[in-house]
*Asks:* 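Got a structure for you, questions after.
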Amino acid sequence: MGYANATEILAAITEPGADQQVLDPATGAPVGAVRNRTVDELNDAVAAARAAQPAWDARGHEERCALLNAAADAIEENAEALAELLSREQGKPLNGPNARFEVGGSVAWLRAATAYDVEPEVVVDDGETYAVKHYRPLGVVGAIGPWNWPMMISIWQIAPSLRMGNTVVLKPSENTPLSVLALGHVLNQVLPADVLHIVPGGRDVGESLSGHPEIDKIMFTGSTPTGKAIIRSSADTVKRLTLELGGNDPGIVLEDADPQAIAQDLFWGAFINTGQTCAALKRLYVPESIYDQVCQALSEVARAMPMGVGLDENNVLGPLQNKAQYEIVSGLVQDAVSSGARVLLGANPDTEAAGYFYPTTLIADIDPQNPLVVEEQFGPALPIVKVKDVEEAIELANSLPVGLGASVWSSDKAKATEVAAQIKAGTIWVNSHGTIDPRVPFGGAKQSGYGLEFGLDGLKALAQPQIIKA
Ligand code: NAD
């Protein structure tokens, strides 16, 4: 039997001494409270996870997969309660590609981690040499996550780690600890004791985890500056790292694209989770010949999308999750407008209203070097840059030090694919943006990180390759 709603699940996870208030970003009302852990408590969690690891490994793939699928069933039983809590803490609406979608994605990615056989691979067998590559567990995985998709990204880290026989200690973002504690609570109703520890805490806990001598690998998703700090603090113990860092994804529209046909997908590519998505479309390059039509079609779609409190079933866009992010978005848009860029929509926040709502904003006729274009805004404000041809668009797309995703929009798939091949990014989508899939490997180029998640590649990244040559 699952929890009926967020209040019930909050009651189950709230501990004595919980003194860190978590506020709803849409209303400022309290959601709940969390007890942040000390570094000593982190050390205890790591020791318990370490002690539990050999028995977890000994269960073998089949039994672990059965447990992970049972854990996915448990999420499904609690889906509405988890979505409600996620909506209240993170701000994202229940509907649209938001809270219910995120809980559904958590189930899908958890099940996908059980969908592949990871067999030993014979690399040489020539009669004289017999060499086999095995995929052994690494040991204990430390996971550190962000606040934008707190449940789904936690699953991206937890599911492949557990599947491959590792145990996990996860530190959620200090902005969204309750969602992750609730998710962990539901998973731990099914999993054996100590294979998964959720350790809420601040930067000190994150730093200790990434330098911890008893942690074998760090799965990190978050900003590029924090990723660099983690590389440094993991150096002394030569930890394995998967780093999913910040992006500033370009979208390139080709001259033959149909503005009406692509407008809806362009919108969601940019504004999914109110723009607070690593692989969202963050700068759009459009040729002069169809610039006005694209601006108009996108404005029409954007104007019709309701933004408001997440628990209201009508809304599909929500607030920024926190004040710092609100200020980043608001500052970048203000500067763009002062520089002479043209506001197509938004850019006029109601500063008296409750919550961190920033209106859906489209900015046209903007200089390609404007900070709204070249910095990661991570919010509901899309700059649309006019280009003279596709060569200029490709050059601008490749001009930044990050390269997570990108997209090319065209009525001719073959032509779009040719352009896609010239873009330096981990994933390039054609006629969509950010449409991730648990079967398709995902990871960044340049300073957007390294290592792959999802699919068979993602499972192998949570294993120590071991060669036996006989
Ligand atoms: P952040 O880097 O501020 O924080 C992420 C996590 O790191 C938090 O849990 C934080 O407590 C922890 N942390 C902070 N300092 C640390 C340190 N020195 N050592 C160890 N841990 C530390 O990121 P955020 O603001 O929560 O998330 C937004 C960013 O994440 C954006 O840049 C976005 O693009 C990126 N992101 C990337 C992906 C991806 O898959 N590439 C996915 C989601 C978000």
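Counting from 1, the numbers follow the sequence of the chain as shown. Every heavy atom of this structure was used, including side-chain atoms; hydrogens, water molecules and symmetry mates were not.
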*Asks:* Test your reading of the model: is there a side-chain donor-acceptor pair from Asp265 to the backbone of Ser432, 3.5 Å cut-off?
*Replies:* no

*Asks:* Report yes or no: does Arg37 contribute a side-chain atom to a donor-acceptor pair with the main-chain N or O of Leu42 at less than 3.5 Å?
*Replies:* no

*Asks:* Holding to salt bridge (Lys or Arg N to Asp or Glu O under 4.0 Å), I want the full list of residues that pass it with Lys460, two or more places apart in sequence or in another chain.
*Replies:* Glu121

*Asks:* State whether the side chain of Ser448 and the backbone N or O of Gly403 hold a donor-acceptor pair below 3.5 Å, judged by distance alone.
*Replies:* yes

*Asks:* Scan residues 50-60 for pairs that pass side-chain hydrogen bond (donor to acceptor under 3.5 Å, both in side chains), counting only residues two or more places apart or in two chains.
*Replies:* Arg50-Glu214, Arg50-Asp216, Arg59-Glu63

*Asks:* Would you list the pairs meeting salt bridge (charged side-chain N to carboxylate O under 4.0 Å, His left out) in which at least one residue belongs to residues 82-101, sequence neighbours left out?
*Replies:* Glu80-Arg100, Glu84-Arg88, Lys92-Glu102, Arg100-Glu313

*Asks:* Is a side-chain donor-acceptor pair under 3.5 Å present for Asp117 with His61?
*Replies:* no

*Asks:* Using a 3.5 Å distance criterion without hydrogens, assess whether the side chain of Asn5 forms a donor-acceptor pair with backbone atoms of Thr7.
*Replies:* yes

*Asks:* Could you tell me whether Phe442 and Trp109 have their ring centroids closer than 6.0 angstrom?
*Replies:* no

*Asks:* With sequence neighbours left out, write down each residue that passes salt bridge (Lys or Arg N to Asp or Glu O under 4.0 Å) with Glu375, or none if nothing qualifies.
*Replies:* none

*Asks:* Would you say the side-chain atoms of Thr224 pair up with the backbone N or O of Gln447, donor to acceptor, closer than 3.5 Å?
*Replies:* yes

*Asks:* Do Arg136 and Gln464 have a side chain donor and acceptor closer than 3.5 Å?
*Replies:* no

*Asks:* Side chains of Trp429 and Thr427: is there a donor and an acceptor less than 3.5 Å apart?
*Replies:* no

*Asks:* Going by atom type alone, with no hydrogens or angles, which donor-acceptor pairs under 3.5 Å involve a side-chain atom of residues 203-210 and a protein atom two or more places apart or on another chain?
*Replies:*
residue	atom	partner	partner atom	Å
Ser208	OG	Asp204	O	3.0
Ser210	OG	Gly206	O	3.1
Ser210	OG	Glu207	O	3.2
Ser210	OG	Ser233	OG	2.9

*Asks:* Within the side chain of Gln377, is there an N or O that forms a donor-acceptor pair under 3.5 Å with the backbone of Leu382?
*Replies:* no

*Asks:* Please enumerate all residues that pass salt bridge (Lys or Arg N to Asp or Glu O under 4.0 Å) together with Asp73, with sequence neighbours excluded.
*Replies:* Arg111

*Asks:* Where do Pro160 and Gly458 come nearest, in terms of heavy atoms and distance?
*Replies:* CB-O, 4.1 Å

*Asks:* Counting the benzene-type ring for Trp, do His185 and Tyr3 have ring centres under 6.0 Å apart?
*Replies:* yes

